[in-house]
Protein chains: 2
Amino acid sequence: MSETIIVPKGLYGVAVSETGIAKSTSDGTLTYRGYSVEDLFENSSFEETAFLILYGRLPSKKELLSFSSALKTNARVPEQIYGIMKNLRKDAHPMDVLRTAVSALGANEHRLSSEEQKQSLIAKMPALVANCYRITNGMDTIDPDHDLDTAANLLYMISGGRPEKFDAWAFERELILYMEHDLNASAFAVRVIASTLADVYAACTGGIAALKGPLHGGANEAAIEMLLKFKSPDEAAIRIQEMLARGEKIMGFGHRIYKTRDPRAQLSKQMLKNLLKEKKKEETMYELCDAVEKKMWELKKLPANLDFYAAPTFYTLGIPIEVYTPIFAASRIVGWVSHYNEQLQDNKLFRPDAIYTGPNKLDYVSMDKRS
Amino acid sequence: MSETIIVPKGLYGVAVSETGIAKSTSDGTLTYRGYSVEDLFENSSFEETAFLILYGRLPSKKELLSFSSALKTNARVPEQIYGIMKNLRKDAHPMDVLRTAVSALGANEHRLSSEEQKQSLIAKMPALVANCYRITNGMDTIDPDHDLDTAANLLYMISGGRPEKFDAWAFERELILYMEHDLNASAFAVRVIASTLADVYAACTGGIAALKGPLHGGANEAAIEMLLKFKSPDEAAIRIQEMLARGEKIMGFGHRIYKTRDPRAQLSKQMLKNLLKEKKKEETMYELCDAVEKKMWELKKLPANLDFYAAPTFYTLGIPIEVYTPIFAASRIVGWVSHYNEQLQDNKLFRPDAIYTGPNKLDYVSMDKRS
């Protein structure tokens, strides 16, 4: 028997695969397929970035039109799936409803080709995400508006009204930042499931299951809940100091990769400022965030991560807090499907070892002789 | 930045965690919590083995009664969940229906305590498994019979009739063999999802998603489909040789851990022989299996694994082939929940690295300048 390799817990620092999709570095850079997230944030659309992440290159105008058109054609969710979502308890968490809906979609679409399945799943995620929120709030479901692109459509289906142009643009920037982040826990879950040759719905159901966890996707909701409790930047700074003194975890800070800055957080911070200005709102939310960020760096040397600044941006856009994690999934689905594809290009079943620490060679004792 | 550790693909031979649950060795031994699978196969019940795997020791009589009673009390699946399963397409794969049902159960039971959730999920799996088969075949759902133990109950709900005592006993032996097998792909998916602090339904939904893959749980169905095509042991031997010459994969052979013998396959093989005798059936199926096993060892030095012998045993018990993988899940749920518990005892989020192989520092080119 060959020797067992022992690695750090959580596979921290362990390269379990190759990837050509995204690259993040500890000094605070992120690229998708070689393009900096700053460039994409400034110039690219949801559809264009999704094409890039999925196919490895920026699309031509013709390719982009064809890709966007396919998303629109496949965006409507069958009434049968909404029926299943409506049959769940009204107090269910939207992420549980979303996970069930994606699993159900997979059960119903198993006869499609693998390519059709991926297209259908990505195209339907915005409607699934918006309506998992609507259904759990007793609202009518809304179908996508064929005239709107992905980001505007998602915002429209959540709010029920056509979004302002600047709002849709700002929201689209956040979705671009959330779209992919190499081997985080959900993408890794997707790859482990994909390695059994299960279909893309099975793998992404696992991705959604992982994203629900408070140590992963749930952080943006926790971040805004905290921010809303602070009345002023000074109070925020004092309260953070107190919370740290009590040993409490401050959500939205620290990252397994980024040690000094999360490039997505800084883009999102600037977006928050612009958005408040555009909406002629007071800068209080921005100042609160900035005060917390400075205090966290001063006391803990932890940088704000994307969740910390995406959450107040979503909030300023009027988006209900409970749908922040599902929105994360609506964008990250692109990354998950890309990891699914990449895993299958040169697949080997994930089948790790473990160090056995339990007892050995115990004799079975019949029931009447047990103490 | 600390150095990246590069490990074999599929984490082959890489110990990603400690475990005290099961231990399998390359020379063909398997223990659950220190007890040999041979001893448990001979002496133990489903409930007793489940208690052992979950809690780390054999139960006292009182503990076993209390555990069994809790399973029975929680075994009925709410009509609402069946409603969701019935709303899926009739041609859905039972594993997709099962995955959706477990996800839906999680959406509805999120207010239970973590302990209650685990108990509910394990207790309801037999009814979910049997009825995912019944519903996709247009049959009425069946509730568990309070007088029957887990194995007999599962067989009863699948067939619709009370099983013979020997059949229930034989079936229970197979379930014991399927109950746990350290860090296979599904248990690993469960642990990755658990590490985000997602709940047990989320984690086990991911386990079911992984188990569906043909490289994992789907093998027992493929094994029996092949066996049923052979008329005689001589023909089987010739056909296997031909299939190998054509480069075809023979399902039910080879194992990532067991290189010379799978102890579960050998127990299951003996069970198949006894079962055919008990049922006064010809030994053809046994002889077919034996001929294939011998030929595979002669030509490929690959041992038969559990799937290869569990499948003909299920077949001899009159169980429809499409429910073999769901049955696997009904038993393995015990192992999954144990891995969920163990992961959370000393948790660290799974967040591996990858070797980046894509392009670097590409300049964004505006759409009109793309070739």
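Quick note on labels: first sequence line is chain A, next is B, and so on, each numbered from 1.
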>> Tell me the closest heavy-atom pair linking B/Ala210 and A/Thr196, and the distance in Å.
In response: O-OG1, 3.2 Å

> Are B/Glu48 and A/Arg370 close enough for a salt bridge, meaning some N to O gap below 4.0 Å?
Replying inline: yes

>> Report which part of B/His181 has an atom under 4.5 Å of a heavy atom belonging to chain A: side chain, backbone, both, or neither.
In response: both

> Who pairs with A/Lys9 by side chain to side chain contact (heavy atoms under 4.5 Å, CB included), at least two apart in sequence or on another chain?
Replying inline: B/Asp346, B/Lys348

> Taking every heavy-atom pair that is under 4.5 Å apart, which of B/Val365, B/Leu349, B/Asp363, B/Ile6 has the most such pairs with chain A?
Replying inline: B/Leu349

>> At a 4.5 Å cut-off on heavy atoms, which part of A/Ala22 comes close to chain B: side chain, backbone, both, or neither?
In response: backbone

>> Which atoms of B/Glu42 are under 4.5 Å from chain A, going by heavy atoms: the side chain, the backbone, both sets, or neither?
In response: neither

> A/Leu11 and side-chain contact (heavy atoms from CB on, under 4.5 Å): which partner among B/Leu11, B/Ile5, B/Asp353, B/Val192?
Replying inline: B/Leu11

> Take atom NZ in A/Lys61; do more than 12 heavy atoms of anything else shown fall under 6.0 Å from it?
Replying inline: no

> What pair of heavy atoms forms the shortest contact from B/Val16 to A/Pro352, and how long is it?
Replying inline: CG1-CB, 3.6 Å

>> Quick check for you: to the nearest 0.5 Å, what is the distance between A/Arg111 atom CZ and B/Arg89 atom CZ?
In response: 7.0 Å

> Can you name the nearest heavy-atom pair linking A/Pro214 to B/Ala198, along with the distance?
Replying inline: CD-N, 4.3 Å

> In a check of side-chain contact (heavy atoms from CB on, under 4.5 Å) between B/Arg351 and each of A/Leu215, A/Val14, A/Asp182, which one passes?
Replying inline: A/Asp182

> Would you say B/Thr4's side chain and A/Ala15's backbone share a donor-acceptor pair under 3.5 angstrom?
Replying inline: no

>> For B/Ser186, which atoms come within 4.5 Å of any heavy atom of chain A: side chain, backbone, both, or neither?
In response: neither

> Of the listed residues (A/Ala189, A/Gly358, A/Gly20), which shares the most heavy-atom pairs with chain B below a 4.5 Å separation?
Replying inline: A/Gly20

> Which of the residues B/Asp39, B/Val7, B/Leu88, B/Leu64 is involved in the greatest number of heavy-atom pairs with chain A at under 4.5 angstrom?
Replying inline: B/Leu88

>> Could you measure the distance from the OG atom of A/Ser60 to the CG atom of B/Asp368? Nearest 0.5 Å is fine.
In response: 12.5 Å

>> Report which part of A/Asp91 has an atom under 4.5 Å of a heavy atom belonging to chain B: side chain, backbone, both, or neither.
In response: both

>> Let me confirm one number: the OG1-CZ distance from B/Thr100 to A/Arg99, rounded to the nearest 0.5 Å.
In response: 10.5 Å

> Looking at A/Leu197, A/Asn108, A/Thr136, which one has more heavy-atom pairs under 4.5 Å with chain B than the rest?
Replying inline: A/Asn108

>> Tell me which of these, B/Gly56, B/Ala203, B/Ser44, has more heavy-atom pairs under 4.5 Å with chain A than the rest.
In response: B/Ser44

> So which part of B/Ile208 gets closer than 4.5 Å to some heavy atom of chain A, the side chain, the backbone, both or neither?
Replying inline: neither

> Can you tell me how far CG of A/Asn43 sits from CE of B/Met367, rounded to the nearest 0.5 angstrom?
Replying inline: 11.0 Å

> Taking atom NZ of B/Lys212 and atom OG1 of A/Thr205, what is their separation to the nearest 0.5 Å?
Replying inline: 9.5 Å

>> Taking side chain as everything from C-beta outward and backbone as N, CA, C, O, which of these in A/Lys361 sits under 4.5 Å from a heavy atom of chain B? Side chain, backbone, both or neither.
In response: backbone

> About how many Å separate CE of A/Met95 and CG of B/Asp199, when rounded to the nearest 0.5 Å?
Replying inline: 11.0 Å

> Based on non-hydrogen pairs under 4.5 Å, which of B/Gly10, B/Pro8, B/Ala209, B/Gly106 is most in contact with chain A?
Replying inline: B/Gly10

>> Show the nearest heavy-atom pair for residues A/Asn360 and B/Lys23, with the distance to one decimal.
In response: OD1-NZ, 3.6 Å

> Between B/Ile257 and chain A, which part of the residue has a heavy atom less than 4.5 Å away: side chain, backbone, both or neither?
Replying inline: side chain

> Where do B/Ala107 and A/Ala92 come nearest, in terms of heavy atoms and distance?
Replying inline: O-CB, 3.6 Å

> Minimum heavy-atom separation for A/His110 to B/Asp96, with atom names?
Replying inline: CB-OD2, 4.2 Å

>> Give me each pair satisfying ring pair (Phe, Tyr, Trp, His ring centres under 6.0 Å) with a member in residues 184-205 of chain A, each pair once, sequence neighbours excluded.
In response: A/Phe188-A/Phe350, A/Phe188-B/Phe188

> Heavy-atom distance under 4.5 Å to chain B: side chain of A/Thr29, backbone, both or neither?
Replying inline: neither

>> Less than 4.5 Å to any heavy atom of chain B: does that hold for the side chain of A/Thr19, its backbone, both, or neither?
In response: both

> Is it the side chain or the backbone of A/Ile81 that comes within 4.5 Å of chain B heavy atoms, both, or neither?
Replying inline: neither

> What residue, out of A/Ala101, A/Ser195, A/Ala187, A/Pro59, has the most heavy-atom pairs lying under 4.5 Å from chain B?
Replying inline: A/Pro59

